[in-house]
Amino acid sequence: RWEEERYPEGIKWKFLEHKGPVFAPPYEPLPENVKFYYDGKVMKLSTKAEEVATFFAKMLDHEYTTKEIFRKNFFKDWRKEMTSEEKSTITNLSKCDFTHMSQYFKAQTEARKQMSKEEKQKIKEDNERLLKEYGYCVMDNHKERIANFKIEPPGLFRGRGNHPKMGMLKRRIMPEDIIINCSKDSKIPSPPPGHKWKEVRHDNKVTWLVSWTENIQGSIKYIMLNPSSRIKGEKDWQKYETARRLKKCVDKIRNQYREDWKSKEMKVRQRAVALYFIDKLALRAGNEKEEGETADTVGCCSLRVEHIKLHPELDGQEYVVEFDFLGKDSIRYYNKVPVEKRVFKNLQLFMENKQPEDDLFDRLNTSILNKHLQDLMEGLTAKVFRTYNASITLQQQLKELTNPDDNIPAKILSYNRANRAVAILCNHQRAPPKTFEKSMMNLQSKIDAKKEQLADARRELKSAKADAKVRRDEKSKKTVESKKKAVQRIEEQLMKLEVQATDREENKQIALGTSKLNYLDPRISVAWCKKWGIPIEKIYNKTQREKFAWAIDMAEEDYEF
DNA sequence: GGAACGGACTCAGAAACCTACTT
DNA sequence: AAAGTAGGTTTCTGAGTCCGTTC
């Protein structure tokens, strides 16, 4: 039971043994008959140049490949892989014809789909073997699942949003790039034959097993454990405990920042207004980013003047702030929020004599803000507000929306609605599924069919009743009963379908997964299930139940966040 | 102090994959 | 009964937060 184990400060484990990473399969050159054309003429590429060309060919249908920056970055990196002859011939990407290669890959995909059962079974078994050998490690006394034991294969970098580095070549990771972390007394994983690890270290103050430096941003990538592991679960639990501590002092903090709106110091005022946004709107902290290295996105502290508009009055409301900016993953945040007069006046002050591209909070950054929060409560940082507000919203919404008389599907709809309220708060959006319209129509026709079926069943019941009135025998009574049951059953089915339709419609552009997995104290959901007799499987699938195992056996129906 | 940087960890949506149901 | 589809699940890897160190 991991909940009971304790480690000295900063120590993450005592024993760690694993098999090291699985490398991407080596490049397989294209068959002779698959051609690349330059300027209308067949051209045989060197293996290295060909490999990079296939990365582009595989993405040909994606709109990425039409973007100027993507093409420019790709072409620059591709040329680095070319022989000098290739370099002198291939000077213009627009003259490159990858369509034959692209068709070949499509055919391959198709062929994979068409494989016989036996072939598919064999692949499945191979994967299982790989998972069994490399997918687990031993950390202290537990065998634990590893999250990502496969090294990322080479390919073209695809950032999110308008990323300046899109299209750049993500190089192949070799054993010589890899740092292994494990305990001294474990069996140290061996590198592939003929290769060496970059380094083997024994650092039990960190949780990762393998790391390497990626070539696009120069950042470090890690292999770590699965969410079901002790080390992740314990951390997750701690996160929610910190948020619960915030619950106890949030009123005090709110009073404090409201006072600070009046401060003589500009820095304090900015801090207080920013904190108000973080608290009220669940904005992210907003670290500074290096210009030109990433997409231009912001969070609270990095908001610029151009990201907000002030409306002294809008649609009958006073002091409205209109937010419009790109947040994490270049997801747009758009919101019109009535705020307190003091906040509004402060914002006007902060914006005075500034250009649109100037920082709104020019005296503030996340480090200043977090230092202040640390003084208000131990372990408090900006992101704790997101966790706190998400979880408390779920709890509140569940209380408000759950109708004790509802059946299980209707209660689950209520749960999803509560979940949705949180996703909206946290601005968790998704692109509407490509098949959305169609699937909605299918569902509607199912509903129509069910309605007809219900009408039929009701007619039959009516005539059975009439019949029974005349005959007054046991047999016709029984018929009435069974027809009644049929009507009830169909009504229930119809209701289920309608609930499904509502749920899906409301969920069109909302992503529930992120909040469910990362922001909602799972004990709230577990308690709710227990209270209303909802099977936990209706709320959490298998993976989620594994991740939240700690909460499932911890929480009783009276759990309060 | 505070900026710059490296490092380690959480959180993010898209895409690939799988499976159960239809046709 | 094979093939096609829809929708849920898993994988993938990029994008944040936050902390410690150094100058």
Side-chain angles (χ1 to χ4, degrees), chain A residues 10 12 59 62 64 109 112-114 116-117 120 123-124 127 131 147-153 155 157-161 163 165-166 170 179 181 203 205-208 211 213-214 216-227 231-232 235-236 238-239 278 284-290 293-295 297-302 326-331 365-371 373-374 379-387 390 423 426-431 433-436 438-440 442-443 446 500 504 507 509-519 540-544 546:
Chain A
K12 306 289 170 62
M59 297 173 82
H62 203 288
Y64 271 112
T109 312
R112 231 172 297 132
K113 271 192 219 154
Q114 301 301 324
S116 70
K117 231 182 209 159
K120 281 183 182 164
I123 291 175
K124 204 174 164 188
N127 283 335
L131 175 67
N148 55 325
F149 59 91
K150 289 179 186 158
I151 299 273
E152 295 168 22
F157 176 80
R158 319 143 78 130
R160 311 270 169 83
H163 196 116
K165 299 195 173 183
M166 63 168 86
K170 244 175 71 168
I179 302 175
N181 192 32
D203 183 356
K205 297 210 171 41
V206 297
T207 67
W208 54 267
S211 76
T213 301
E214 150 272 343
I216 304 289
Q217 323 265 7
S219 66
I220 308 171
K221 297 250 181 174
Y222 304 93
I223 292 183
M224 291 183 186
L225 298 193
N226 197 73
I231 207 150
K232 294 289 183 190
K235 201 77 189 295
D236 209 33
Q238 270 178 27
K239 174 178 76 184
I278 284 171
R284 295 187 186 82
N287 285 311
E288 296 106 300
K289 301 168 79 184
E290 214 174 328
E293 295 292 302
T294 59
T297 64
V298 297
C300 186
C301 295
S302 51
L326 297 181
K328 181 175 180 179
D329 289 339
S330 294
I331 299 288
N365 60 41
T366 54
S367 137
I368 295 170
L369 178 65
N370 280 332
K371 265 196 198 103
L373 293 176
Q374 191 60 239
L380 185 62
T381 61
K383 78 197 270 286
V384 179
F385 282 87
R386 246 166 107 80
T387 311
C426 295
N427 199 230
H428 291 141
Q429 297 187 32
R430 60 168 183 175
K434 287 186 183 72
T435 53
F436 185 83
K438 201 177 147 202
S439 89
M440 248 2 244
N442 286 343
L443 195 52
K446 264 191 196 169
Q500 206 185 340
R504 194 178 299 174
N507 227 25
Q509 301 199 66
I510 315 264
L512 299 184
T514 300
S515 51
K516 200 172 184 178
L517 243 45
N518 302 301
Y519 287 101
Y540 291 139
N541 68 29
K542 185 167 146 282
T543 317
Q544 295 168 159
E546 280 167 12

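These values consider heavy atoms only, across backbone and side chains, with no hydrogens, waters or symmetry-generated copies. Each chain gets a letter, A, B and so on, in the order its sequence line appears, and its residues count up from 1.
Position along DNA chain C of the nearest nucleotide to A/P153 versus A/A295 favours A/P153 as the more 5'-ward residue. When each of A/K383 and A/D203 is assigned the nucleotide of DNA chain B bearing its nearest heavy atom, the one mapping closer to the 5' terminus is A/D203. The nearest heavy atom of DNA chain B to A/S515 and to A/R158 marks one nucleotide each, and the one closer to the 5' end goes with A/S515.
Nucleic acid contact class of A/T297 (heavy atoms, under 4.0 Å, all strands): sugar-phosphate only. Contact annotation for A/R160: base contact, defined as any heavy-atom pair under 4.0 Å involving a base atom. Using a 4.0 Å heavy-atom distance criterion, A/F157 is classed as a sugar-phosphate-only contact. Residue-level contact check: A/A147 touches neither bases nor backbone, having no heavy atom under 4.0 Å from any strand. Among the protein residues, A/K12 comes within range of the sugar-phosphate backbone only, with heavy atoms under 4.0 Å from sugar or phosphate atoms but none that close to a base. Residue contacts shown for A/S211 are absent, as no nucleic acid heavy atom lies under 4.0 Å away. Within the 4.0 angstrom heavy-atom criterion, only backbone atoms of the sugar-phosphate kind lie near A/R386; the bases stay farther away. A/G299 comes within 4.0 angstrom of nothing in the nucleic acid, heavy atoms only. Among the heavy atoms of the strands, none lies under 4.0 Å from A/K542. Using a 4.0 Å heavy-atom criterion, one finds that A/Q429 contacts the sugar-phosphate atoms exclusively. Contacts of A/G327 with the nucleic acid, taken as non-hydrogen atoms under 4.0 Å apart, involve only primed sugar atoms and P, OP1 or OP2.
Considering only side-chain N and O atoms, A/H163 lies under 4.0 angstrom from the phosphate OP1 or OP2 of C/dA15. Under 4.0 angstrom from either OP1 or OP2 of C/dA15 there lies no side-chain N or O belonging to A/K289. Distances shown here put every side-chain N or O of A/K235 at or beyond 4.0 Å from the OP1 or OP2 atom of B/dC9. Residue A/N287 has no polar side-chain atom (N or O) positioned under 4.0 Å from OP1 or OP2 of C/dG16.
Among B/dA12, C/dA15, C/dC19, the nucleotide with an atom closest to any side-chain atom of A/R284 is B/dA12. In the set C/dT17, C/dT9, C/dC12, the nucleotide with an atom closest to the side chain of A/T543 is C/dT9. Of the candidate nucleotides C/dC18, C/dT13, C/dT10, C/dT13 has the atom nearest to the side chain of A/K170. Comparing atom distances between the A/T514 side chain and each of B/dA12, C/dA15, B/dT10 picks out B/dA12 as nearest. Looking at the side chain of A/K221, the nearest of the listed nucleotides C/dT13, C/dG16, C/dA15 is C/dT13. Proximity note for A/N365 (side chain, C-beta onward) versus C/dG14, B/dA3, B/dC9: the nearest is B/dA3. When each of B/dA12, C/dA15, B/dC9 is scored by its nearest atom to the side-chain atoms of A/H428, the top-ranked nucleotide is B/dA12. Set against B/dC9, B/dC11, C/dT17, the side chain of A/N518 has B/dC11 as its closest nucleotide. Counting only heavy atoms from C-beta on, A/Y222 has its side chain closest to B/dC9 among C/dC18, B/dT10, B/dC9. When distances run from any side-chain atom of A/A511 to the nucleotides B/dG13, B/dC11, C/dC18, the shortest one goes to B/dG13.
If you take CG of A/N148 and P of C/dT13, they are 9 Å apart, rounded to a whole angstrom. The CG atom of A/D329 sits 13 Å away from the C1' atom of C/dC12 (whole-angstrom rounding). The separation between A/Q217 atom CD and C/dT13 atom P is 15 Å, rounded to whole Å. Counting to the nearest Å, the P atom of B/dA8 and the CG atom of A/N181 are 9 Å from each other. A straight line from CG of A/L369 to C1' of C/dT17 spans 12 Å, rounded to a whole angstrom. Rounded to whole Å, the distance from CD1 on A/I278 to C1' on C/dC18 is 13 Å. Protein atom CD of A/E152 is 15 Å distant from nucleotide atom C1' of B/dA15, rounded to whole Å. When rounded to the nearest whole Å, the span between CD1 of A/I216 and C1' of C/dA15 equals 14 Å.
Between the A/N148 side chain and the A/M224 main chain, a donor and an acceptor come within less than 3.5 Å of each other. A/D236 places no side-chain N or O within donor-acceptor distance of the main-chain N or O of A/K232, the cut-off being under 3.5 Å. A donor-acceptor pair is defined here as one N or O able to donate and one able to accept, closer than 3.5 Å; such a pair exists between the side chain of A/N181 and the backbone of A/W208.
For A/E293 and A/K289, the salt-bridge test fails: no basic side-chain N is under 4.0 Å from an acidic carboxylate O. Salt-bridge formation is not detected for the pair A/E214/A/K170: no Lys NZ or Arg NE/NH1/NH2 atom is positioned less than 4.0 Å from an Asp or Glu carboxylate oxygen.
With no hydrogens or angles considered, a side-chain donor-acceptor pair links A/Y519 and A/R386 at under 3.5 Å.
Two residues are said to be in side-chain contact when any heavy atoms from C-beta on lie closer than 4.5 Å; A/L373 and A/K371 fail this criterion.
Donor-acceptor pairing under 3.5 Å, judged by distance alone, is present between the side chain of A/K328 and the base of B/dC11.
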